[in-house]
Every structure is written in structure tokens, then in C-alpha cells.
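One is the number of the first residue; the rest follow in order along the sequence.
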Amino acid sequence: MPGNKFNGNSNVPTSRISRLLELRQLKRTSRASLNEVSDNSNSPEPGSGHDFSRVEQYLEDAVAGSPPTQRLLVVANRLPVSAVRRGEDSWSLEISAGGLVSALLGVKEFEARWIGWAGVNVPDEVGQKALTKALAEKRCIPVFLDEEIVHQYYNGYCNNILWPLFHYLGLPQEDRLATTRSFQSQFAAYKKANQMFADVVNQHYEEGDVVWCHDYHLMFLPECLKKHNSKMKVGWFLHTPFPSSEIHRTLPSRSELLSAVLAADLVGFHTYDYARHFVSACTRILGLEGTPEGVEDDQGRLTRVAAFPIGIDSDRFIRALEVPQVQVHIKELMERFAGRKVMLGVDRLDMIKGIPQKILAFEKFLEENPYWRDRVVLLQIAVPTRTDVPEYQKLTSQVHEIVGRINGRFGTLTRVPIHHLDRSLDFHALCALYAVTDIALVTSLRDGMNLVSYEFVACQDEKKGVLILSEFAGAAQSLGAGALLVNPWNITEVAAAIGKALNMSDEEREKRHQINFLHVTEHTAQEWAEFFVSELNDTVVEAQLRITQIRPALPVECAVNNFLDCSNRLLILGFNAALTETIDTPGRRGGDQVKDMNFKLHPELKGPLSVLCNDPKSTIVILSGSRRSDLDNNFVEYDMWLAAEHGMFLRHTRRGDWMTTMPEHLNLDWIPSVYHVFEYFKERTPRSTIELRDTSLVWNYKYADFEFGRLQARDMLQHLWTGPISNASVEVVQGSRSVEVRPVGVTKGSAIDRILGEIVHSKPLKSPIDYVLCIGHFLEKDEDVYTFFEPELPCENASHPRSKGAFDSSKLAERAPPKPPANRSGSKGSHGKGQRSSSNSNSNSNSEKVTNNNHNNGGLSRKQQQQQQQQQQQQPLEKTSSWNVLDLKKDNYFSCAVGRSRTSARYTIGSSDDVVSFLTRLAEASSSSSSSSSVSSTSTP
């Protein structure tokens with residue numbers, strides 16, 4: 001049965017790489033067997049079959065072999081057929097035998113369906129129905145675009161903006177406001193066209209289908225598809241270069257395009273360089289986390305990004321050399337250029353192909369090597385493109401002028417050094433030209449792959465010609481071992497490479513050719529397509545496994561209803577990134593630094609917080625790593641508890657000053673030396689910040705260049721562990737964009753026990769706490785606060801320290817009461833800088849690792865701990881009840897992480913705006929409940 005090839009085998013591959021390697025080997029073995037059968041039975045004359053019949057058979061669903069087990073929807077801007085209207089309801093179709101069609105011939109496991117624009121405007125319904133019916137016979141599904149959409153979307157945004165930018169030509173520069181307006185209208189048309197493609201895909205999609213989107217024309221398509229169906233398997237592949245982040249960031253719609261592509265499960269590029277540029281753009285522009293696997297968003301969703309170098313159907317070119325028609329062409333060309341070395345260039349007449357640079361390098365070679373002037377000829381095939389565009393017309397004139405000057409300078413009445421053709425050649429003539437060529441010259445200034453180099457190598461098994469290849473073509477990473485790599489902008493280097501190729505020994509030519517020929521014949525277009533689709537399928541499997549580890553969203557209605565049903569509620573709220581205002585700066589990593597550093601309560605929370613704080617059934621605790629002054633400035637007007645610096649300082653806003661919960665002999669002598677280290681790295685890292693607290697220090701590079709900041713953080717950690725904190729009882733908590741140094745054992749979870757004790761001491765409880773809400777954007781080190789209240793602790797969280805869900809309040813009397821904080825300037829932990837503070841920074845970053853260095857047992861010796869325990873036991877006990885402080889049922893505990901999907905909390909919530917909405921709901925429920933209670937008590941006789 002399909003998909004059961006591992007049945008009965010105990011050695012089933014467990015890793016993704018092992019699974020893909022075995023699957024690939026099985027496919028190669030199957031293909032080899034199929035080819036052997038095909039060669040031994042009913043095979044046509046060698047090379048006689050130009051692949052149009054094979055392609056047409058494939059498109060008509062008549063490919064021999066076992067039936068496919070899965071459908072593949074291939075979505076591209078153009079269909080692999082051209083349509084010509086012959087009547088009102090009559091169409092003729094012409095097959096295209098290149099590119100993706102050839103690649104997908106070898107993908108036997110999938111039944112391919114093509115979705116795209118047919119290249120014609122069909123405004124009437126009769127014509128659309130007739131064309132749809134005709135295309136259905138070729139397994140093609142049309143997307144009907146009107147002329148205005150095509151003009152704005154294809155000719156405008158795709159060809160006028162994206163294509164030049166991706167090839168490092170930059171954006172069009174105009175001094176008219178109308179140009180800006182046209183950019184906006186073109187972008188709107190681009191999004192509309194992508195949605196039209198999505199509508200057609202959604203219309204024909206069946207559960208289990210794989211959708212493969214292609215090229216820069218459809219960058220919005222993955223997002224459109226995922227919004228309609230989040231379970232759809234979507235891959236996206238770019239056939240052009242992807243520019244560096246510094247180039248891409250100039251695009252006004254940079255963030256929207258990146259976010260849309262990231263909706264895909266798998267994003268593919270021709271080379272690792274392009275993939276690296278894409279990940280870097282997502283990191284620097286969107287502020288997301290780049291990983292070896294791809295890009296991970298704030299919710300923990302991973303988009304795989306990888307390189308998939310495309311190939312050609314090499315067998316097609318090898319077989320074509322044996323066709324009689326090609327043999328005749330080869331004989332004619334060899335007679336025509338007898339006694340001369342043949343150099344060949346085959347390019348579109350385009351700015352990125354470097355044709356002027358190629359011809360100028362050839363001129364320099366002839367100038368410096370008179371011997372070769374009558375012994376070498378350059379054949380340049382320049383296929384015209386976009387002939388109506390002024391820039392291309394200017395390029396054509398420039399090339400003609402250079403060719404004319406060189407031929408006039410070095411030519412004779414019977415021979416000229418350059419033969420230039422402004423037209424394309426048919427397949428047979430092109431194969432013959434490849435076969436007689438001694439040197440292929442590819443001088444692209446920027447090229448996604450350039451398959452001309454592959455085609456040349458495939459046709460050179462007899463002559464063993466030399467390939468001179470631009471290092472800016474994607475093919476350089478695949479064929480660089482056997483080719484002569486050059487910088488096309490360096491005319492002298494290219495001229496020298498021509499001389500080296502002409503004088504190369506036969507032995508070296510053969511070695512270089514064999515290396516490239518082996519690559520071209522093994523890494524075919526069919527291999528490329530199979531590899532991408534296999535990776536896409538496997539990526540979706542891994543993504544589903546990751547989803548099972550992601551916490552669900554907060555059930556708002558359930559949380560509100562249970563809130564109303566309980567009589568003693570405890571609300572523990574984080575501050576930074578949970579109750580602060582969201583700074584909306586689209587497209588800029590890190591946000592607005594000035595506003596973001598100014599810790600301010602979300603303005604829409606003031607009303608809801610007041611209602612909740614005035615509710616006698618609710619106790620509010622703000623638990624934050626921030627300084628006392630930050631919490632005072634934001635919450636002093638509310639009736640609540642404030643716990644600053646991870647609970648090391650505690651106060652009630654209505655009942656006195658700050659108290660400290662830190663151990664009496666806690667050693668803070670390390671702070672001055674660590675501060676000097678942080679200050680040094682702050683000066684070295686632009687836009688990094690330091691937050692100086694009484695018991696800890698935070699260095700934050702959220703707003704700095706991410707890559708540079710990460711390198712600086714690594715250097716900082718090495719310096720800290722070998723110097724200032726080598727013998728100190730501290731922990732280093734490294735966030736994704738921050739480094740914090742704090743005393744050992746200081747976490748928000750460890751502070752909860754002390755906070756509860758103080759709450760009970762200061763305010764007698766009439767009933768146990770039966771509802772707990774804990775919301776925050778905490779470091780992983782501090783997520784023990786979520787597990788503290790868990791009635792049933794999950795196995796995966798067993799490593800987090802926690803107390804019991806219910807404890808005897810009589811033990812609270814045995815605690816030493818919190819002490820007022822000592823004056824920093826006179827304390828042992830003072831570092832001589834008083835309250836000197838650098839710029840504030842938000843230390844609550846995502847995903848961190850913790851390193852412990854505990855030499856002093858938390859600052860207290862065993863003898864000191866025993867003495868302190870004896871002193872506490874000698875204090876008089878207060879009279880307390882025997883009931884438990886907590887009587888918490890599982891359904892009445894709601895722990896929720898803000899902006900994090902992989903967390904120890906039970907639930908997640910998107911952002912501080914969502915927190916505002918939820919707390920507003922709670923406040924409304926509290927207010928209505930209080931009103932109902934008042935009416936009920938008034939009406940009671």
C-alpha cells in the first residue's frame with residue numbers, strides 16, 4: 001500500500017534527515033528501474049523525441065505507471081500553455097516544454113494540477129467557460145485577470161518594482177508625486193491579484209492537497225491561503241535572487257511581504273546565500289528569531305527556510321545531440337568556424353545579464369592578445385525582451401554600438417570577431433551550438449541560477465568545453481568547482497579568464513568538465529521537484545508535532561464565569577509587555593525606543609484596574625522585575641500590592657513603605673564590577689541599554705543590530721564568568737536579546753510564598769483563596785510562578801520549584817516579618833554610584849537559558865541559617881485559624897503567558913492589547929456582580 005513502505009521494518013528512520021535520505025534512495029532506485037524498462041521496450045530512436053510529446057502526455061494525465069496517491073497544486077503566474085482564441089467558444093493551446101513542467105515529470109507520487117494566468121484577457125463568460133474546459137484537458141486551471149490588473153500587478157509592481165529590487169537594481173527614482181501614487185495603486189493591485197489566485201486555489205482545493213506557490217509574483221499567496229485554511233500544506237519557492245536585508249528594507253511594503261511569505265510551511269531558494277538574506281531580513285526588519293531551521297515567530301511557529309538548487313532535464317539535451325537534425329547543424333557550424341575557437345554567450349537582452357561587460361572584456365582580450373584575433377570568435381545570442389521599455393531600448397543600442405566598434409577595429413573583409421544575433425534559436429539549433437562551443441561565457445551581474453551554464457555542460461560530454469561563470473550567478477555555488485569563476489565587473493579578470501580557458505590543457509579541461517557534468521546529470525529538475533515536495537510534506541509533519549507543544553489560547557468566557565462564581569480571588573499581573581502600552585511601529589525591529597523604554601501603564605487599563613482593586617473579593621498583585629520607582633509611578637493610586645525586582649521588595653499602596661524580603665546577609669558586592677562590564681559593552685553596542693536595579697543588572701540589546709548584539713552578548717558572558725562573577729553567588733539569565741545578572745534563587749515563583757504570607761498577615765481572610773489568575777510576559781527562569789499554584793503539576797514542569805497548592809496559615813506566623821529596605825548608599829551591597837541609572841530597558845525577552853554559579857549557598861552559611869531559624873522559633877506565635885489559605889480547584893486556576901506559545905503556563909494570550917480586553921471583561925463582570933449584590937442586600941427585609 002502507498003505510504004506503508006516501512007511496515008514490518010523495525011529500523012524505521014526516526015529523524016527527519018534519515019527519513020528523507022531513505023525516501024530519496026527509494027525514489028532513485030525506482031526511477032533507475034523505470035528507466036531501464038523504458039530503454040528496453042518500445043523506446044523511440046535515440047534523441048528523436050523532442051520532449052513536447054512527453055510533456056503533452058504528462059499534462060493530459062496519460063503518464064504510465066502507478067496512479068498518484070496525492071494531488072499537487074502548482075500555482076504560478078503563467079500556465080505552462082499559451083492560449084489563442086479561434087472563435088467565440090473555441091481555443092487552441094500551445095504547450096511550453098520548459099521550466100516547471102519538465103521538473104515535475106519525475107514526480108510520480110503526485111497528480112499535478114496547474115493554476116495560473118493563461119496570458120490572455122477573456123472578459124466574456126462564454127470565452128472563460130470555453131477556455132476553462134479546454135485547459136482542463138491539460139490539467140490546467142485558469143485565473144482570469146483583467147487588463148487593468150495585469151497592467152498594475154504584472155507590468156507594474158512585479159516587473160517595475162520587485163524584479164529590479166531583487167536583482168540589486170534598486171527602486172525606480174522619480175521626482176513626481178504621481179509616481180508615489182502609482183506605487184500605492186500597483187501594490188493594491190498586487191494584493192488583489194494574489195487574492196484572486198487564492199480564490200481559485202481554495203475553490204479547487206481538496207483535503208490533503210499540497211500547494212506549491214512560485215516566484216515573486218505570488219508573495220502574498222501563502223498568507224491568503226493560510227487565512228482561509230490554516231491546515232493547508234503550502235510551500236513557496238523564489239526563482240530569482242533574494243537581496244540582502246539592506247536592499248530589501250528600502251521597499252515600502254517590506255514587512256507585509258515578509259510576513260505573507262512566512263505564512264508558508266516551507267520557503268525555498270536556489271542558494272544558501274538567498275536563504276540567509278531572507279532570514280536576515282526577517283530578523284532585522286520584523287524582529288523575529290532566526291534559527292538554523294528557518295524563522296520562528298513570537299508564537300513559536302517555525303517557517304522552514306532552505307536552499308533547493310534547481311537543475312535541468314539533462315537527458316533531454318543529451319538525447320537531442322543524437323537527433324539527425326542536430327547532427328546536421330553541428331556539421332554546418334564546425335565547417336563554418338573551422339580553424340577558430342568558438343566562444344558562446346546565450347542571454348536575454350537584459351540589464352542583469354552583463355552583455356556589455358562581456359563584450360568589453362572580449363575587446364580587452366583581443367587588444368592584449370593579437371595572436372588570437374583571427375583564431376577566436378564570440379557568438380552572442382541576445383534574446384529581445386521588453387522592447388517597449390526605454391531602458392531596454394537604450395541597452396540594445398549600447399550593445400550594438402560596442403559590437404560594431406569591435407568588429408570595425410579587429411575584423412576583416414572575410415571575418416569578424418563577434419557574431420551578434422538579436423533573436424532566439426530553436427531547441428535543436430541551440431543544442432548544436434552548445435556542442436561546438438569551446439568556451440561558454442556567462443557574465444551575469446545578478447542571476448537567480450542561470451541554467452544556460454547547465455545546458456552547456458550537458459551538451460559538452462564530447463568536446464569538454466570550458467565554462468567561465470559569473471560569481472554573481474546562483475549556478476556558481478553548484479558549478480563553481482569545475483568552472484572559472486569571475487567578477488563580471490572586473491573586465492581585466494574576465495579577459496584573463498578567457499586567455500586561461502583558451503590555453504587550458506586537455507587534461508584540465510576534462511577534469512573540470514567531469515565534475516560539472518556529474519553534478520548536472522545527478523541534480524536534475526526532477527530531483528529538485530521531488531526534494532522540495534518531500535521536504536514540504538515532512539515539514540508539515542514536524543509542524544504538527546510542534547503545535548502539540550503549544551499552549552491553547554486563554555478561554556476568556558470560562559475565566560470570566562469562574563471569576564464570578566468565586567468569593568476570594570487573587571490576580572497576579574506582570575507589568576512589562578503585559579500591562580504596558582503596545583508601541584505600534586510597523587516594519588521596525590524593536591519598536592520606538594524612546595516610548596518603549598518609558599514604562600507606562602496602558603491608558604485603557606486605568607478604569608478596569610480601579611474597578612478590580614475596589615472589589616472586596618479581589619486582591620491584585622503586580623509582580624515585576626522592574627524597579628520600585630517604576631511601579632510607584634504607575635500604580636500608586638490603586639489599592640493593590642506591588643512586588644518589585646522579582647519580589648525582592650514588597651509594599652501595599654495604602655499601608656506603608658517598601659519592605660524587603662531579601663536575606664539579611666545577601667552579598668551584593670558584585671554589582672559595581674558587573675556594572676562596569678555592562679557599561680563597557682553598552683558603549684560598544686549602539687542602541688543597547690542598561691537597567692540598574694537594587695539587586696540585579698540588565699543589559700538589553702533589543703534595539704541594537706541583532707547579529708552584532710548577539711556576538712557582543714557572547715563576549716560579555718565569557719568575560720563575566722572569568723572575572724567579576726567567577727566566585728559570586730549569582731545567576732546569569734540570558735534572554736533572546738538581554739543579559740541579566742541576579743542573586744541565586746531569585747525568581748518570581750520563589751517570591752510568591754513570601755507575598756502570600758504578607759497578604760495574610762496584613763488582611764485577615766474570611767475564606768480561602770479559591771480563584772487565581774496569573775498573567776505575565778516572564779522569562780523562562782521566572783515561569784515557576786505559573787507552576788506554584790498548579791493543583792496538579794504536569795510531568796514536564798516537574799523541574800520548576802513550587803510550593804503546595806494549599807498550605808496551613810498557622811505556619812505564616814513563624815516567618816520573620818519583611819524589613820524596610822536599607823539605604824543603598826550605606827549598605828554593603830552599594831557600588832558607590834548611588835542611584836545612577838542608565839536608560840531603562842525591557843528585560844522580559846523571550847526564550848532564554850539560565851546558568852548557575854552557586855558557591856555561597858544563597859549568601860547564608862549553614863550556621864547562620866540555623867541561628868536565623870532559632871530566632872524565628874523564639875518569636876511569639878500569633879493566633880491563626882487552621883483552614884488553608886488556598887482552596888484552589890483545577891478549573892479556577894488560569895495561568896497565561898503574554899506573547900509566548902511555548903510556556904509553562906496553561907494558556908497564552910497575544911499581546912498587552914488582548915490583556916486589556918480581558919481585564920476589561922473582568923472589571924465589567926465585577927461591577928455588574930457588585931451592583932446585583934447591592935440591590936439584593938437592599939431589598940432584603
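No side-chain heavy atom of Leu668 sits less than 4.5 Å from a side-chain heavy atom of Asp694. In this structure, Cys774 and Val785 have side chains that are in contact, with non-hydrogen atoms separated by less than 4.5 Å. A 4.5 Å side-chain heavy-atom check between Leu554 and Thr908 finds every atom pair outside the cut-off. Looking at Val739 and Leu717, their side chains come closer than 4.5 Å, going by heavy atoms from C-beta outward. The shortest distance between side-chain heavy atoms of Arg693 and Glu740 falls below 4.5 Å.
Side chain of Arg900 to main chain of Phe778: a donor-acceptor pair is present (N/O by atom type, distance under 3.5 Å, no hydrogens or angles). Between the side chain of Ser610 and the main chain of Lys606, a donor-acceptor pair closer than 3.5 Å is present. Between the side chain of Thr580 and the backbone N or O of Ala577 there is at least one donor-acceptor pair closer than 3.5 Å.
Considering all non-hydrogen atoms of both residues, Phe649 and Thr661 come closest at N-OG1, 4.4 Å. Taking each heavy atom of Pro555 and Phe894 in turn, the nearest pair found is CG-CE2, 4.2 Å. Between Leu579 and Leu601, the closest heavy-atom pair is O-CD1, 3.5 Å. Nearest heavy-atom pair, Leu262 versus Leu288, reported as atom, atom and distance to 0.1 Å: CD1-CD1, 3.6 Å. Closest approach of Ala643 and Ile755 over heavy atoms only: CB-CD1, 3.7 Å. The two residues Gly647 and Ala751 have their closest heavy-atom pair at CA-CB, 3.6 Å.
The SG atom of Cys558 sits 6.5 Å away from atom CG of Asp891, with the distance rounded to the nearest 0.5 Å. The CG atom of Asp782 lies 9.5 Å from the OG atom of Ser624; values are rounded to the nearest 0.5 Å. Of the inter-residue distances, the one linking Ser926 atom OG with Leu571 atom CG reads 9.5 Å to the nearest 0.5 angstrom. Here the OG atom belonging to Ser738 is positioned 6.0 Å from the CG atom belonging to Leu779, to the nearest 0.5 angstrom. Here the straight-line distance linking atom CG of Asp784 with atom OG of Ser750 works out to 6.0 Å at 0.5 Å rounding. The OG1 atom of Thr689 lies 9.5 Å from the NZ atom of Lys702; values are rounded to the nearest 0.5 Å.
Annotation: ring pair (Phe, Tyr, Trp, His ring centres under 6.0 Å) contacts involving residues 614-638, sequence neighbours excluded, comprise Phe575-Phe635.
Taking the charged nitrogens against the carboxylate oxygens, Lys890 and Glu790 have no contact shorter than 4.0 Å, which rules out a salt bridge. Between Arg627 and Asp632 there is no salt bridge, since no side-chain nitrogen of the basic residue lies less than 4.0 Å from a carboxylate oxygen of the acidic one.
With sequence neighbours excluded, the residues that form a salt bridge (Lys or Arg N to Asp or Glu O under 4.0 Å) with Asp615 are Arg569. The salt bridge (Lys or Arg N to Asp or Glu O under 4.0 Å) test applied to Arg654 returns no partner, not counting sequence neighbours.
Relative to the ring axis of Tyr703, Arg687 does not place its NZ or CZ within 45° and under 6.0 Å from the centre.
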Run Thr653 and Asp639 through side chain to side chain donor-acceptor pair (under 3.5 Å) and show every step you take. CA-CA 6 Å; Thr653 54; Asp639 184 5; 4.6 Å; no
Quick one: do Glu645 and Ser696 satisfy side chain to side chain donor-acceptor pair (under 3.5 Å)? Show the steps, please. CA-CA 8 Å; Glu645 301 199 20; Ser696 64; 4.5 Å; no
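Note on ring orientation: taking the six-membered ring where Trp is involved, the planes of Trp641 and His652 are perpendicular (angle over 60°, cut-offs 30° and 60°).
Remark: of the listed residues Asp565, Asp887, Asn562, Asn562 is the sole one forming a side-chain hydrogen bond (donor to acceptor under 3.5 Å, both in side chains) with Asn892.
If you look at Tyr771 and Tyr893, their ring centroids are not closer than 6.0 Å.
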